[in-house]
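All remarks here apply to the structure that follows.
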Amino acid sequence: MFDDHPDYSRTWLPLDFEWKFVLFLLGMVAILFLVNLFLKKVLGVEKRNIFKANYVNARHEKVEFYLNIAGTVGMVAAFIYGYEHGALYPIYASVIAALIVTLYKAYMERKYAENPREYIFTLLEFPLIILLILSFAGFMFPDIPLF
């Protein structure tokens, strides 16, 4: 009588997905770490703390705060608009917001930083991070074309 119902004991993800996901995340972190290590050696830039923002001065901190707020509002607006029109709008909005913040950060580092090569590190790190974010989105949502 109850044999025709689907088996809900398994999750909606295949079992091998968890292992692929963990390996993918570990690979992304390893690639980011190795590229950062290489760029730091080549450019002679001091080690940066990933979890702490590196502001050059108070103006940089204030403007970047407002840029982050504007980017968040833009991403929420893109999410609301994209809910009916497509899933890519929030992804593209986050890339554009990150680009604006990164360009401003590189400008402030070029103009005010102690080490004149710090802005090069920031500009070279950005495409890698965007590539990893788009790769992650492609991994999580393989049915959605990102380009």
Side-chain angles (χ1 to χ4, degrees), residues 6 8 10-147:
Y8 291 111
R10 288 204 44 154
T11 62
W12 61 275
L13 297 172
L15 187 57
D16 63 335
F17 179 82
E18 289 88 8
W19 291 109
K20 288 179 184 177
F21 182 70
V22 168
L23 290 175
F24 182 78
L25 285 180
L26 289 175
M28 283 180 29
V29 169
I31 289 171
L32 189 60
F33 175 76
L34 291 174
V35 169
N36 280 344
L37 187 68
F38 174 74
L39 287 175
K40 287 175 190 173
K41 285 230 185 246
V42 169
L43 296 174
V45 178
E46 66 186 40
K47 186 175 180 180
R48 293 184 181 185
N49 188 353
I50 295 175
F51 302 108
K52 183 180 176 227
N54 298 321
Y55 300 115
V56 179
N57 55 28
R59 179 179 178 213
H60 178 204
E61 184 177 3
K62 183 186 285 187
V63 172
E64 193 166 313
F65 173 76
Y66 289 123
L67 286 175
N68 286 332
I69 294 294
T72 303
V73 169
M75 284 187 284
V76 169
F79 180 75
I80 291 170
Y81 178 77
Y83 184 74
E84 293 180 7
H85 295 87
L88 297 180
Y89 290 107
I91 294 171
Y92 292 146
S94 63
V95 168
I96 291 170
L99 177 66
I100 292 169
V101 170
T102 302
L103 289 175
Y104 180 73
K105 181 177 182 178
Y107 167 74
M108 292 301 283
E109 288 175 350
R110 169 98 167 129
K111 195 166 184 178
Y112 298 109
E114 296 172 9
N115 188 347
R117 292 182 169 188
E118 258 186 77
Y119 82 99
I120 298 172
F121 179 78
T122 300
L123 290 176
L124 290 176
E125 184 182 41
F126 179 73
L128 176 67
I129 291 171
I130 295 302
L131 180 66
L132 292 178
I133 289 171
L134 291 178
S135 298
F136 180 72
F139 180 79
M140 291 301 292
F141 309 107
D143 297 336
I144 300 174
L146 295 174
F147 303 105

From Tyr112 atom OH to Asn57 atom CG, the distance as rounded to the nearest 0.5 Å: 6.5 Å
What's the shortest heavy-atom distance between Gly74 and Ala93, and which atoms? O-CB, 4.2 Å
Test ring-ring contact (aromatic ring centres under 6.0 Å, His included), reference Tyr89, set Tyr81, Phe79, Tyr83, output is Tyr81
Phe21 and Phe136 aromatic ring geometry - parallel, tilted or perpendicular at 30°/60° bounds: tilted
Give me the atom names and distance for the closest heavy-atom approach of Val45 to Glu118. CG1-CG, 3.6 Å
When rounded to the nearest 0.5 angstrom, what is the spacing between CD in Glu109 and CG in Leu123? 8.5 Å
Heavy-atom nearest pair, Val56 first then Ala113, reads CG1-N, 3.9 Å
Tyr104 and Arg59: which non-hydrogen atoms are nearest, and at how many Å? OH-O, 4.0 Å
Less than 4.5 Å apart, side chain to side chain, heavy atoms only: is that true for Ile120 and Leu39? no
Check whether any side-chain heavy atom of Leu103 sits under 4.5 Å from a side-chain heavy atom of Tyr107, and report yes or no. no
Drop me the distance from Ile129's CD1 to Met28's CE, to the nearest 0.5 angstrom. 10.0 Å
Smallest separation among heavy atoms of Ile130 and Ala98, with atom names: CD1-CB, 4.5 Å
Is it true that atom CZ of Phe33 has more than 12 heavy atoms of other residues, nucleotides or ligands lying nearer than 6.0 Å? no
Lys40, NZ atom: more than 12 neighbouring heavy atoms under 6.0 Å: yes
Using side-chain heavy atoms (C-beta onward) and a distance below 4.5 Å, is Glu64 in contact with Asn68? yes
What closest approach, in Å, do Met75 and Ser94 show between heavy atoms, and which atom pair accounts for it? SD-CB, 3.2 Å
Measure the CG-NZ distance between Asn54 and Lys105 for me, rounded to the nearest 0.5 Å. 5.5 Å
Mind checking whether Ile31 and Leu128 have side chains closer than 4.5 Å, heavy atoms only? yes
Geometric class of the Tyr55/His60 ring pair [parallel <30°, tilted 30-60°, perpendicular >60°]: perpendicular
